[in-house]
Amino acid sequence: DKANVQCAGKKGGVIAGFLGHNDNELKGHCINVVIKNSVVNSEAMAGVFAAQGDNIGTLSDCSVIDTEITSTNARVGGFIGSVVEFDEISDCYAENVTVTSGSYYAGGFVGQLSGGGTVSGCHSTGSVSSTANYSRSGGLVGILIDGTVDNCYSTCDVTATNGRYIGGLIGQVDKGTVRKSHATGSVTTPNHYAGGLIGLVNGDLNVSQCYATGNVGNASNNRRGGLIGNIDKGTTTVSNCYATGTITSKSYSGGFIGGTEEAAKVNVTNSYTKSSISGHEDAACVFCGQYKATFTCTGFIGWNVSNRK
């Protein structure tokens, strides 16, 4: 039988609605916890392991398997709905999870990740779907506000029926580092800003030794990229990365980056794309569909910065 949690309050989870403590002298530490065959339905924040982790210290070798989780109105993740302050989450995973969101910040592993800590050696499999207009949905993380994702992956298929800011690994990054990580699931939305790895970059980001192989689809709108959907602002540094999925988009699509804005600076080193582009009416490029940012590229195979327009 499945553990079934129904929550009409603020937080719903199998282990805890709230994990951790606000006092900096007290931190929660969880090791070797396994949750199987669970169902969580919440009207607000929700996660199978916990809805929210605040100042949790460390989580290691914990897993969520064969679970269904639904939130109608807030952050939701296959493992934890939201992590506000933490040191490290390591070697944890959410496998065969079905994450359904009616609001913002949905992830196969965690909906919202902030506080400057590190998630390492973690992964997610299954599916993530959202009906919200600005969903910020990702196969692993819905939104990375501040932190590091290291040696992680997701195979989740990510679908947003109305939303934008959708990524195979992370929906949106405000500030952070992503290294030695990858995504292989498909990314589908009728709206803007979808990427095989990251949907939207909204601040400083360092990406290294990462790749995305999933298809980024639905030709009804724009800003789709094999690796990153759109870069709004901040400095984005990409090194030793590649993308290979098929990109389907109406316009402003790129095999590597969908588009950029004037407030952004982009540095790309030793990277490449094998992504093909279909369905476009205009502004498609093997590298980037729309160029407004300041670019510096070194060793991008198959593209010359002087021929970008």
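Keep in mind that the numbers below use all heavy atoms, side chains included, and drop hydrogens, waters and symmetry copies.
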Listed pairs under 3.5 Å, donor-acceptor, residues 237-244 side chains, sequence neighbours left out:
none

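Under the 4.5 Å side-chain heavy-atom criterion for Ile, Leu, Val, Met, Phe, Trp and Tyr, Y165 and L144 are members of distinct hydrophobic clusters. Cluster annotation: F79 is not connected to Y105 through the hydrophobic network of ILVMFWY side chains, with a link wherever side-chain heavy atoms come within less than 4.5 Å. Connection of V64 to V76 is established within a shared hydrophobic cluster, with ILVMFWY side chains joined at heavy-atom distances below 4.5 Å, either directly or through further cluster members. Residues L140 and L200 fall into different hydrophobic clusters, defined by Ile, Leu, Val, Met, Phe, Trp and Tyr side chains chained together at heavy-atom separations under 4.5 Å. Using a 4.5 Å cut-off between side-chain heavy atoms of Ile, Leu, Val, Met, Phe, Trp and Tyr, with links allowed through other members, V97 and I89 fall into the same hydrophobic cluster.
With T125 contributing its side chain and N96 its backbone, the two residues share a donor-acceptor pair below 3.5 Å. Under a 3.5 Å cut-off, the side chain of S124 and the backbone N or O of G139 do form a donor-acceptor pair. Although no hydrogens or angles enter the test, the distance criterion places no donor-acceptor pair under 3.5 Å between the side chain of T148 and the main chain of T118. Here the side chain of R136 pairs a donor or acceptor atom with the backbone of Y134 at under 3.5 angstrom.
Side-chain atoms of R75 and Q112 include a donor-acceptor pair closer than 3.5 Å.
No side-chain heavy atom of C156 sits under 4.5 Å from any side-chain heavy atom of F109. At least one side-chain heavy atom of E95 sits under 4.5 Å from a side-chain heavy atom of H123. In this structure, the side chains of I231 and V266 come closer than 4.5 Å at one or more pairs of heavy atoms. Two residues are said to be in side-chain contact when any heavy atoms from C-beta on lie closer than 4.5 Å; V119 and C152 meet this criterion. Side-chain contact check for T98 versus S127: some heavy-atom pair is nearer than 4.5 Å. By the 4.5 Å heavy-atom criterion applied to side chains, I228 and L197 are not counted as neighbours. The shortest side-chain heavy-atom distance between D91 and S60 does not fall under the 4.5 Å cut-off.
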Stepwise, does the side-chain hydrogen bond (donor to acceptor under 3.5 Å, both in side chains) test hold for D157 with S186? CA-CA 5 Å; D157 293 326; S186 62; 3.1 Å; yes
Evaluate I65 against V34 for side-chain contact (heavy atoms from CB on, under 4.5 Å), listing each step before the verdict. CA-CA 8 Å; I65 303 169; V34 179; 4.3 Å; yes
Please determine whether side-chain contact (heavy atoms from CB on, under 4.5 Å) holds for the pair K180 and Q209, giving the CA-CA distance in whole Å, both sets of side-chain angles, and the decisive distance to 0.1 Å. CA-CA 5 Å; K180 296 181 180 179; Q209 295 176 269; 3.6 Å; yes
Can you check side-chain contact (heavy atoms from CB on, under 4.5 Å) on T188 and V158, steps first, answer last? CA-CA 6 Å; T188 306; V158 185; over 6 Å; no
Salt bridge (charged side-chain N to carboxylate O under 4.0 Å, His left out) between D204 and K175: does it pass, once the steps are laid out? CA-CA 5 Å; D204 293 340; K175 177 184 178 182; over 6 Å; no
Given T159 and T189, is the side-chain contact (heavy atoms from CB on, under 4.5 Å) satisfied, shown in steps? CA-CA 6 Å; T159 304; T189 177; over 6 Å; no
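The pair E261-K292 counts as a salt bridge, with a side-chain nitrogen and a carboxylate oxygen less than 4.0 angstrom apart. Salt bridge annotation for D66-K36: absent, with no cationic side-chain nitrogen under 4.0 angstrom from a carboxylate oxygen.
The side chain to side chain contact (heavy atoms under 4.5 Å, CB included) with V216 is formed by just one residue from the set T248, T246, I247; it is I247. Partner of Q172 under the side chain to side chain contact (heavy atoms under 4.5 Å, CB included) criterion, chosen from V141, I143, I198: I143.
For the atom pair CG of N267 and CG of N206, the computed distance is 9.5 Å after rounding to the nearest 0.5 Å. We find the CD1-OG distance between I170 and S137 to be 13.0 Å, quoted to the nearest 0.5 Å. Between the CG atom of N230 and the CD1 atom of I257 there is a distance of 9.5 Å, given to the nearest 0.5 Å. Here the straight-line distance linking atom CD1 of I80 with atom OG of S82 works out to 9.0 Å at 0.5 Å rounding. To the nearest 0.5 angstrom, S253 atom OG is 11.0 Å from R223 atom CZ. S63 OG to I35 CD1: the interatomic distance, rounded to the nearest 0.5 Å, is 8.0 Å.
Across G108 and A94, no two heavy atoms sit closer than the pair O-CB, 3.6 Å. In plain terms, the two heavy atoms of D174 and I145 that are nearest each other are CB-O, 3.7 Å. Across every non-hydrogen atom of S275 and G255, the tightest pair is OG-O, 3.4 Å. Shortest non-hydrogen contact noted between H182 and L169 is O-CD1, 3.4 Å. In plain terms, the two heavy atoms of I166 and S135 that are nearest each other are CD1-OG, 3.2 Å. The shortest heavy-atom contact between F256 and V268 is CE2-CG1, 4.1 Å.
Residues F287 and F295 place their aromatic rings such that the two centres sit under 6.0 Å apart.
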